[in-house]
Amino acid sequence: MFDQFDYYKYLDEHPFTGMRNVDFDAKISTSEHISKFFNGTKNFEQVRNVTQGKVYHIFKVEGMGDVAEWYFINDIGQEDMLGDYFFVKPDEDE
């Protein structure tokens, strides 16, 4: 069975809509494509108050079919959310 990260990261086989309370950690990807949302690249909406490569605790997921928004507390202590594609599974020691 999938753990919560995998279950909500890979929704193709079990899409859902609505809000669910969850309890798992996820890391903001440092991939080149995701970096464009953090480094001022033109035509990419810039993400603020979130650190690339940092692990955040995900406490809520809003499903929209086979994609989802993941909710967490950002670097300034406010509730924030990003699409599931921003996240990767953290290493076990993170």
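Below, each value reflects all heavy atoms present in this structure, side chains not excepted, and no hydrogens, waters or symmetry copies. Model, not experiment: these values are computed from the prediction. For this chain, numbers begin at 1 and follow the sequence in order.
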May I ask whether Tyr10 and Val67 are part of the same hydrophobic cluster, defined by side-chain heavy atoms of I, L, V, M, F, W, Y residues being less than 4.5 angstrom apart, directly or through others? no

For Lys27, give me all partners under side-chain contact (heavy atoms from CB on, under 4.5 Å), at least two apart in sequence or on another chain. Val55, Val88, Pro90, Glu94

Ile28 versus Phe38, closest heavy-atom pair with distance: CG2-CZ, 3.7 Å

Go through the steps to decide whether Tyr85 and Ile34 satisfy the test side-chain contact (heavy atoms from CB on, under 4.5 Å), and finish with yes or no. CA-CA 9 Å; Tyr85 55 89; Ile34 296 301; 4.1 Å; yes

Report the C-alpha separation of His14 and Tyr7 in whole Å, then their side-chain angles, then the decisive distance to 0.1 Å, and conclude whether the ring-ring contact (aromatic ring centres under 6.0 Å, His included) test is met. CA-CA 9 Å; His14 49 268; Tyr7 184 88; 4.0 Å; yes

Taking the ring of Trp70 and the ring of Phe87, is the distance between their centroids below 6.0 Å? yes

Which heavy atom of Leu82 sits nearest to which heavy atom of Val50, and what is that distance? CD1-CG1, 4.3 Å

Hey, does Phe5 have a side-chain heavy atom less than 4.5 Å from the side chain of Ile58? no

Taking atom CZ of Arg20 and atom CD of Gln4, what is their separation to the nearest 0.5 Å? 10.5 Å

Pairs satisfying salt bridge (charged side-chain N to carboxylate O under 4.0 Å, His left out), at least one member in residues 46-75, at least two apart: Lys54-Asp75, Lys60-Glu79

Is there a donor-acceptor pair closer than 3.5 Å between any side-chain N or O of Lys89 and the backbone N or O of Ala26? no

If you count the non-hydrogen atoms of other residues, nucleotides and ligands that lie under 6.0 Å from CD in Gln46, is the total more than 12? yes

Between atom CE of Met64 and atom OG1 of Thr17, what is the distance when rounded to the nearest 0.5 Å? 10.0 Å

Let me check something: do Phe72 and Val22 share a hydrophobic cluster, defined by ILVMFWY side-chain heavy atoms less than 4.5 Å apart, either directly or through other members? yes

Taking the side chain as every heavy atom from C-beta outward, state whether Phe24 and Asp6 have any atom pair closer than 4.5 Å. no

Modelled atom types, side-chain donor and acceptor of Gln52 and Ser29, under 3.5 Å: no

Can you tell me how the ring of Phe37 sits relative to the ring of Phe44, calling it parallel under 30°, perpendicular over 60° and tilted otherwise? perpendicular

Min side-chain heavy-atom separation Thr51-Tyr56 under 4.5 Å: yes

Taking the side chain as C-beta and beyond, is there a heavy-atom pair between Tyr71 and Asp80 under 4.5 Å? no

Ignoring hydrogens, what is the shortest heavy-atom contact between Ala68 and Leu11? Give both atom names and the distance. CB-CD1, 3.8 Å

